[in-house]
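Here the structure comes first, spelled out in C-alpha cells, and everything after it is commentary.
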Amino acid sequence: MKKAIKEIIERALEKAKGAGELELENVPDVVIEKPKDEKLGDFATNIAMTLARSERKNPKAIAEIINRHIENGATGLDSVEIAGPGFLNLKMSQRFFLDRLADAVKQRDDFGKSNVGEGIKIIIEFVSANPTGPLHIGHGRGAAVGDALSRILKKAGYDLSTEYYVNDVGNQMNILGRSTWLRYLELLGDEKEFPDDHYRGDYIKDIAQLAVDQQGKEFLGKPEEECVPFFKELARENILAGIRKDLSDFRVTFDNWFSEQSLYKDHSVEGAIQWLRDQGHVYDKDGAVWLKSSAFDDDKDRVIVKKTGEKTYFCSDIAYHQNKIKRGFKKIINLMGADHHGYVPRMEAVLQAMGYDKNIFKILLVQFVSLLRGGEKVSMSTRSGEFETLSDVVNEVGVDAARYFFLMRSSDAHLDFDLELAKQETPENPVFYIQYAHARICSIFRGSKEKGIELPENREVDLSPLVEDEEYSIIKAILAFPEVVEKSAKALEVHRISHYLLDLVSRFHGYYSRHRVISEDIPLTLARLYLLDGLRITIRNGFDLMGISAPEKM
RNA sequence: GCGCCUGUAGCUCAGCUGGAUAGAGCAACGGACUUCUAAUCCGUAGGUCGUAGGUUCGAAUCCUACCAGGCGUGCCA
C-alpha cells in the first residue's frame, strides 16, 4: 500500500529535479510512515528533512517544492499538507482504501502474502533439545518462536525448511543410559548409589519400569558395559517419542529430524576435521585437536577432539553446518536459548573458516522464561527433576494461550509467563480478547444470515456506504497487515504480529459498541459485513502465523 | 576481569532505518447493557525513557563512561 505513496513522492522529486529546484545528487530512500496522529493524514514522509543537509535548504522550503510538483490527479490522493518541522502529510480518498480492502478480501487466506523472500532457500533449526528429558518451558518458547517464525517467513515468500537436530551422541547419552539402568536395578531390588550428575526425573523411572515389563530380569547381575547400551537406546527412543508428541500437541512439526549420530556414521565429522586441517585451521596441542577460531573473532581457540579421542559437541556441529550448506541453503537460522550465547562467536568462526560470509548465518537467542504461579516464580532444573514441563503448561492453559504468551514479547527480552492470567477467559488476557473479537464477528455473520442478508459469493459489494472515520481506521489497520508480516520476516521478530492483532481488534471492539452492523439499511449492512469479512480474514491469517486458533463461537 | 542481553507509567511491555505532544494492556478511580456476544466499551489519572556526558536542525533510539539485574566466559551440552 505504501508503495503507491512512495511512487507519488518519487515522481514529484524527479520533476523538481527536472525543474532545477532540487539538486538531488544522491536521492535517499523515500520512507513512508504513518503520522503520529491519524487526524494529520493517512501517510507521512520526512523526505524534506532528510534532504535538508544535502540541499542546504530548510526542510519546510524543500517540502514546499516537493508539494508543488506532486501531480494533481495522483492516484487516490486527496490533499497534501506540510506540518511540523517539514513533514509532508498526505490524505487519501476513501476510494483508495476501499479498492484495497476489496483486494484484501478477495485474497482470503493469501492476504498478507508477499515475495520479499524471493524464494531464497532458508533452513531454520530450533528446539533441538537433547533427548535426555521432556521439554521444559524454555524449550516451549523456542518452539513457539521458531514455529511462528517459520510460518511468517513462508508467508513472506522464502523457501523454508525446519529442522530439529538430535544430539544423540556423547557423554550425556551415556549418563542417560546409566541413570535408566540404575533405576531398573532399583526396581528389581538391587539398589546402587545414584550419582548427583545423573538424571533424577520420574520419567527415568517410567522408562526403567518399561524395561522391567519388557525384559524382566534379563539385565540383573550383568556387568554395566553389557547393559548401558540397551538402556541408552531405550531411553533415547522413549524420550524422543515424548518430545515429538509434546511438540505435535503444541502444533509444532518439523520437516526434518537430523541425527547427530548420522554425521559419525557417514564419516562427515572426520571429513570436516580433515578438511579444516587441510585449510590450516586446525592444529594439535596438549594431545587434543584445536580449531583456530581466534583467527575469526572468537575469544580463543576451541577443542574439537579431546585428548581422550572423543569429539566435542562443537566438533559435530561443524560437520552439521557444513552439511546444511551442502544441502544448498543460502541462509541458516538457528534458535538457541540465551544461556548458549557464548557459543555464537565460535559458530560464526566456523562458517568463516569454511569460507562463507558469516552473514548467511544468524543465531537468534531466545531469552529465559520465568513462570509465575500465584505471584511466585517457579524454578527449573532438569537434573533435580523439579521443573515445569511444556506439556504441563499446555495442559493447564491450553495451546492457544501458551503460544500467545510465548510470542507476545520480543524474544530477546525475558518473559514473565503468568499461568493464572493465561488461564483466565477475561479481557485482561490478550489472547482471549482477540479470539473474542473473532467470535463476535462470526456471531454477527450468523445473525445476518438468519435475516437472509449474506455477502455474495463473488464478494462484489458496493462499499460506498462506508463513511465513518472509525471504519476507515479499521480498514487502514487491516491494510497494514502485509507490511507487518514483511517487517516481521525481515527483522525475524514474531512479537510484532501479536501487538498488531491486539491493536487491530481493539479498534473493532470500539466500533462494535458504537455502530450496529445489521440494520434495515441493506446496502449499509452489506458494506459493513464486507468490512467485517476483511477483519475476520486478517485476524485469522494473523493468528495462523502464530499457530493460534480463531474460534467462531466462544 | 572480559563478552552478550535487559533497564521506558505502580506492574508487564511496545516504540520500525534518529523525527511531530513518548504509547498500549493490566492495576486504580468514575461512567455505559430493553438493541448483532458487557468475555465489551467510554472517560480520568499516571513519565527526570537507569545516570552523566557527546554527536545534530532534532536522541528513548546513535557513541562513550558509569550504575543495576540476568546470562555466559569447560578438553559440558
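The sequence lines fix the lettering, A, B, ..., with proteins before strands; numbering per chain opens at 1.
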Tell me what [X] touches on the nucleic acid: a base, only sugar-phosphate, or nothing, going by heavy atoms under 4.0 Å.
X	result
A:N46	base
A:H509	sugar-phosphate
A:D286	base
A:G170	nothing
A:Y512	base
A:E425	base
A:G342	sugar-phosphate
A:A491	nothing
A:A288	base

Just compare [options] and give me whichever is closest to any side-chain atom of [X].
X	options	answer
A:M554	B:C4, B:A39, B:A77	B:A39
A:S443	B:C36, B:C42, B:A77	B:C36
A:Y343	B:A20, B:A77, B:C71	B:A77

Is it the case that the side chains of [Y] and [X] hold a donor-acceptor pair, with the cut-off being a distance below 3.5 Å and no angle test?
X	Y	answer
A:E310	A:T308	yes
A:H509	A:R440	yes
A:N174	A:K232	yes
A:D412	A:S410	yes
A:E125	A:Y164	no

Table please: side-chain donor-acceptor pairs of residues 484-494 of chain A below 3.5 Å, with sequence neighbours left out.
from	atom 1	to	atom 2	distance (Å)
A:S488	OG	A:E493	O	2.5
A:E493	OE1	A:R496	NE	2.8
A:E493	OE1	A:R496	NH2	2.9

Between N or O atoms, less than 3.5 Å apart, protein on one side and nucleotides 13-17 of chain B on the other: list the pairs.
from	atom 1	to	atom 2	distance (Å)
B:C13	OP1	A:H414	O	3.0
B:C13	O2'	A:R409	NH1	3.1
B:A14	OP1	A:S410	N	3.0
B:G15	OP1	A:H495	NE2	3.3
B:C16	O2	A:K487	NZ	2.7

Check whether NZ of the Lys or CZ of the Arg A:R536 lies under 6.0 Å from the centre of the six-membered ring of A:F445 and within 45 degrees of that ring's axis. yes
Separation of atom [atom1] in [X] from atom [atom2] in [N], rounded to whole Å:
X	N	atom1	atom2	value
A:D197	B:C76	CG	C1'	11 Å
A:I363	B:A77	CD1	P	17 Å
A:H341	B:G74	NE2	P	12 Å
A:E520	B:U35	CD	P	17 Å
A:E450	B:C36	CD	P	12 Å
A:L421	B:C26	CG	C1'	8 Å
A:R440	B:U35	CZ	P	13 Å

Please report the distance separating the [atom1] of [N] from the corresponding atom of [M], rounded so that it comes out in whole Å.
N	M	atom1	value
B:U51	B:A45	P	25 Å
B:U73	B:U55	C1'	33 Å
B:A27	B:G46	C1'	11 Å
B:G7	B:U61	P	12 Å
B:A28	B:G23	P	24 Å

Check the interface with nucleotides 28-32 of chain B: list each N/O to N/O pair with the protein under 3.5 Å, or write none.
none

In chain order, what residues pass the ring pair (Phe, Tyr, Trp, His ring centres under 6.0 Å) check against A:F481, with sequence neighbours excluded? A:F111, A:Y500
Checking A:F417 now: which residues fulfil ring pair (Phe, Tyr, Trp, His ring centres under 6.0 Å) with it, not counting sequence neighbours?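 Here the qualifying residues are A:F405, A:F406.
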Output the residues of residues 296-305 of chain A in contact with RNA chain B, where contact means a heavy atom of the residue under 4.0 Å from an atom of the strand; sort by number or write none. A:K300, A:V303
Positions of residues 430-438 of chain A (non-hydrogen atom under 4.0 Å from RNA chain B), listed by number: A:Y433, A:Y436
Taking [X] first and then [Y], would you say they form a salt bridge - that is, a charged N and a carboxylate O separated by under 4.0 Å?
X	Y	value
A:E468	A:R514	no
A:E470	A:R507	no
A:D168	A:R236	yes

Shortest non-hydrogen pair, A:Y165 vs A:E260, comes out as OH-CG, 3.3 Å
What one should report as the nearest heavy-atom pair of A:S268 and A:A319 is O-CB, 3.7 Å
Give each stem of RNA chain B as a range with a range, requiring at least 3 consecutive Watson-Crick or G-U wobble pairs whose two distances are under 3.5 Å. B:1-7 with B:67-73, B:10-13 with B:23-26, B:28-32 with B:40-44, B:50-54 with B:62-66
Need the glycosidic conformation of B:C42: syn if within 90° of 0, anti if not. Which one?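 B:C42: anti glycosidic orientation.
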Take nucleotides 56-61 of chain B nucleotide by nucleotide from the 5' end and write B, S or -, depending on whether a protein heavy atom sits under 4.0 Å from the base, only from the sugar-phosphate, or from neither. SB----
Decide if atom NZ of A:K449 counts as having more than 12 heavy atoms of other residues, nucleotides or ligands within a radius under 6.0 Å. no
Can you confirm whether more than 12 heavy atoms, excluding those of A:K451, are under 6.0 Å from its NZ atom? no
Compare the aromatic ring of A:H340 with the six-membered base ring of B:G72 and state whether they stack according to the 5.5 Å and 30° rule. no
Run the ring-centre check on A:H438 versus A:F543 and record whether the distance is less than 6.0 Å.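 Between A:H438 and A:F543, the centre distance exceeds or equals 6.0 Å.
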Donor-acceptor pairs under 3.5 angstrom involving side-chain atoms of residues 282-294 of chain A: please list them, not counting sequence neighbours.
from	atom 1	to	atom 2	distance (Å)
A:Y283	OH	A:D301	OD2	2.6
A:D284	OD1	A:R277	NH2	3.4
A:D284	OD2	A:R277	NH1	3.0
A:W290	NE1	A:K285	O	3.0
A:K292	NZ	A:G280	O	3.4
A:S293	OG	A:D298	OD2	3.1
A:S293	OG	A:K300	O	2.8
A:S294	OG	A:D301	OD1	2.6

Once side-chain contact (heavy atoms from CB on, under 4.5 Å) is applied, do any residues pair with A:S513, and if so which ones, sequence neighbours excluded? none
So which pairs with a foot in residues 335-352 of chain A pass side-chain hydrogen bond (donor to acceptor under 3.5 Å, both in side chains), sequence neighbours left out? A:D317-A:Y343
Parallel, tilted or perpendicular: rings of A:H499 and A:H495 (30°, 60°):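 Answer is perpendicular, since the angle exceeds 60°.
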